[in-house]
Amino acid sequence: MSQYSVAIVGSGPSGASAAFHLAKAGIKTVILEKEILPRYKVCGGGLVYRGRKEMPFDVSDVVDIEFNKIDVYMGKNLHFQTEREEPIVSLVMRDAFDKLIVDKAKELGVDLIQNCKVQKINKVANGIELDTTHGIVKAQFVIAADGVYSQVAKMAGWKEETRNLIPALEYEIEVNDADFERLSKEIRFDIDAIPAGYGWCFPKKNHLSIGVGAILKDDQKIKEYCAEYIKFLGIEEIISIEKHGYQIPVTPRLDGFVKDNVFLIGDAAGFADPLTAEGISNAILSGKLAAEAIASSEGNSEKAAKMYTDIIENTIMPELLTSMKLARLFYGSKVVRKFLLKKYGQRFSEALTDIFMGEKNYPKDVNEKLKEKLKGLVF
Ligand SMILES: Cc1cc2nc3c(=O)[nH]c(=O)nc-3n(C[C@H](O)[C@H](O)[C@H](O)COP(=O)(O)OP(=O)(O)OC[C@H]3O[C@@H](n4cnc5c(N)ncnc54)[C@H](O)[C@@H]3O)c2cc1C
């Protein structure tokens, strides 16, 4: 049986980031990952600047392309472009990006056990025993970084009822030179490419990552919408296509983030942004916050739990709760959406860009501000 201070389940950006910061604080840490790295992760790989600037090391080696401009469209007639000095979105392939963070954590002394699925967790004296496909691992603290379907959260007693998971498709598409040339010049978001959601076209080194996400709820016709979106983008010829689907948690857990020495971070905690479904930056941030809480608790479980809970309640949660309100309003009614974009599309895009840049937070008095703007609008 191997023994650690902290066992992290999952090597995505949340788990790898937690591992990096724990190791930096000199804490004996292991990452348990069910796949073998580098592994494909269904994701657009759009790393917004707010996440990129949180990275404690340079990630440019794994960035395919970076964009200082983003383009938001609604149909053929509405188009808004924003521009900043720093890259608003850096496009990565998640296999390379996630592995880079894990490698940096390993350089600081973190152990990585791959091809190692955590199957069961048992509370024991002074910690937790994890039953894995590589035998038993014991740790005082467990960090569940095992993504949206977190089995660790279920095994530790979290309920699924309060969650809202939305479906999203991600197609990795090789197109002909003319289409690649045309579509690789911009990073675009198409509002209403799918009802109550959006589509995206993210150029990578040699192909396009194209996807759609239904932000408010499950949509049975999501594959049809994705096919229509590809046509809408004017793609004539598909040379190769890999189709992937997965879910994104667009509501945070409402039953806490720590139970009996198990800490939830990233998608396991439900930290993707409800309005944009962007999840990498909060994954990185929550990993760091959990690591800092554990590191500064000096082994005191209650203190670590309280510190992590407090910091999440004061940083990530207020943002997510406001974003949830905005998402309901924005995606809940096409009338509102069209009105807001027609009248305030450029301001909306600028505000979203400021959030992507980490320069602004969601406004706290969002209800009042929106009521004012929507006065007179008939639903
Ligand atoms: C289609 C789609 C497009 C997206 N596009 C973007 C985007 O462009 N930008 C953005 O910011 N966000 C995007 N997201 C969201 C983003 O992918 C997630 O928010 C992010 O990956 C969360 O990171 P994580 O570390 O919490 O979990 P994950 O990245 O899901 O990592 C979880 C890890 O845990 C491992 N694991 C799971 N179970 C076990 C187990 N029992 N034992 C051991 N290991 C286990 C998995 O193999 C995996 O490596 C997208 C999501 C989807 C579905």
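Positions are given from 1 along the sequence. As the structure lists them, so they are numbered: ligands from 1, and atoms in each ligand from 1.
Note on R188 versus E186: salt bridge recorded, some NZ/NE/NH1/NH2 to OD/OE distance being below 4.0 Å. The pair R84-D354 meets the salt-bridge criterion, since a charged nitrogen lies less than 4.0 angstrom from a carboxylate oxygen. Salt-bridge annotation for E160 and R253: present, with a side-chain N of the basic residue lying under 4.0 Å from a carboxylate O of the acidic one. Between D98 and R39 a salt bridge is recorded (basic side-chain N to carboxylate O distance below 4.0 Å).
Ranked by closest heavy atom to atom 20 (C) of ligand 1, the top entry among E33, R94, R50, M155 is R94. Atom 32 (C) of ligand 1 has its nearest heavy-atom neighbour, among A145, G10, A269, A16, in A145. Taking each of D273, V250, D267 in turn, the one with a heavy atom nearest to atom 22 (C) of ligand 1 proves to be D267. Among S150, S286, S11, G279, the residue whose heavy atom lies closest to atom 10 (C) of ligand 1 is G279.
The closest approach between any non-hydrogen atom of E35 and ligand 1 is below 4.0 Å. Between H244 and ligand 1 there is no heavy-atom distance shorter than 4.0 Å. Close to ligand 1: C116, with a non-hydrogen atom less than 4.0 angstrom away. Distances from ligand 1 to the non-hydrogen atoms of F271 include no value under 4.0 Å. Residue contacts with ligand 1 do not include G211, since none of its heavy atoms lies under 4.0 Å from the ligand.
Proximity to G44 (heavy-atom distance under 4.0 Å) selects the following atoms of ligand 1: 3 (C), 4 (C), 5 (N), 6 (C), 8 (O). Within the listing of ligand 1, atoms 25 (O), 29 (O), 31 (O) sit less than 4.0 angstrom from a heavy atom of G12. Within the listing of ligand 1, atoms 8 (O) sit less than 4.0 angstrom from a heavy atom of F202. Of all atoms in ligand 1, numbered sequentially from 1 with element shown, those under 4.0 Å from a heavy atom of Y246 are 53 (C). Taking a cut-off of under 4.0 Å to the non-hydrogen atoms of K117, the atoms of ligand 1 that pass are 41 (N), 42 (N). Heavy-atom contacts of L32 reach the following atoms of ligand 1: 43 (C), 44 (N) (cutoff under 4.0 Å). Atom numbering of ligand 1 starts at 1 in the shown order; those under 4.0 Å from a heavy atom of I280 are 9 (N), 10 (C), 11 (O), 12 (N). Ligand 1 places these atoms under 4.0 Å from at least one heavy atom of G266: 26 (O).
The environment of K117 atom NZ is sparse: at most 12 non-hydrogen atoms of other residues, nucleotides or ligands sit within 6.0 angstrom. Crowding of K204 atom NZ: a count of heavy atoms from other residues, nucleotides or ligands under 6.0 Å exceeding 12. For NZ of K154, the number of neighbouring non-hydrogen atoms (other residues, nucleotides, ligands) closer than 6.0 Å is greater than 12.
Remark: minimum distance from atom 28 (P) of ligand 1 to any protein heavy atom is reached at K41 CE, 3.9 Å. From the protein, the heavy atom lying nearest to atom 14 (N) of ligand 1 is C43 SG, 3.7 Å. In this structure, the protein non-hydrogen atom closest to atom 42 (N) of ligand 1 is V118 N, 3.0 Å. For atom 1 (C) of ligand 1, the closest non-hydrogen atom on the protein side is A168 CB, 3.6 Å. Looking only at heavy atoms of the protein, atom 27 (O) of ligand 1 is closest to G147 CA, 3.7 Å. In this structure, atom 8 (O) of ligand 1 lies nearest to the protein heavy atom G46 N, 2.9 Å. Nearest to atom 24 (P) of ligand 1 among the protein's heavy atoms is S14 OG, 3.4 Å.
Applying the side-chain hydrogen bond (donor to acceptor under 3.5 Å, both in side chains) criterion to K306, with sequence neighbours excluded, gives D310.
Under 4.0 angstrom from ligand 1, the non-hydrogen atoms of K34 come from both its backbone and its side chain. If you look at A283 next to ligand 1, the close heavy atoms, those under 4.0 Å, all belong to the side chain.
Taken together through direct or relayed side-chain contacts under 4.5 Å among Ile, Leu, Val, Met, Phe, Trp and Tyr, I312 and V262 form parts of separate hydrophobic clusters. Under a hydrophobic clustering in which Ile, Leu, Val, Met, Phe, Trp and Tyr are joined whenever their side-chain heavy atoms come within less than 4.5 Å, directly or via other members, L326 and I316 fall into different clusters. In the hydrophobic clustering of ILVMFWY residues, with side-chain heavy atoms under 4.5 Å counting as a link, I355 and Y198 come out together.
In this structure, the side chain of S323 does not engage the main chain of E319 through any donor-acceptor pair within 3.5 Å.
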Stepwise ring-ring contact (aromatic ring centres under 6.0 Å, His included) test for F67 and Y49: CA-CA 10 Å; F67 283 89; Y49 193 66; over 10 Å; no

Worked verdict on K99 versus D103 for salt bridge (charged side-chain N to carboxylate O under 4.0 Å, His left out): CA-CA 6 Å; K99 185 171 181 300; D103 286 345; 2.9 Å; yes

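Note: F141 and F263 have perpendicular aromatic rings, judged against thresholds of 30 and 60 degrees for the angle between ring planes.
Under the ring-ring contact (aromatic ring centres under 6.0 Å, His included) criterion, the residue pairs touching residues 264-304 are F257-F271, with sequence neighbours excluded.
The shortest N or O to N or O distance between S281 and ligand 1 is not under 3.5 Å.
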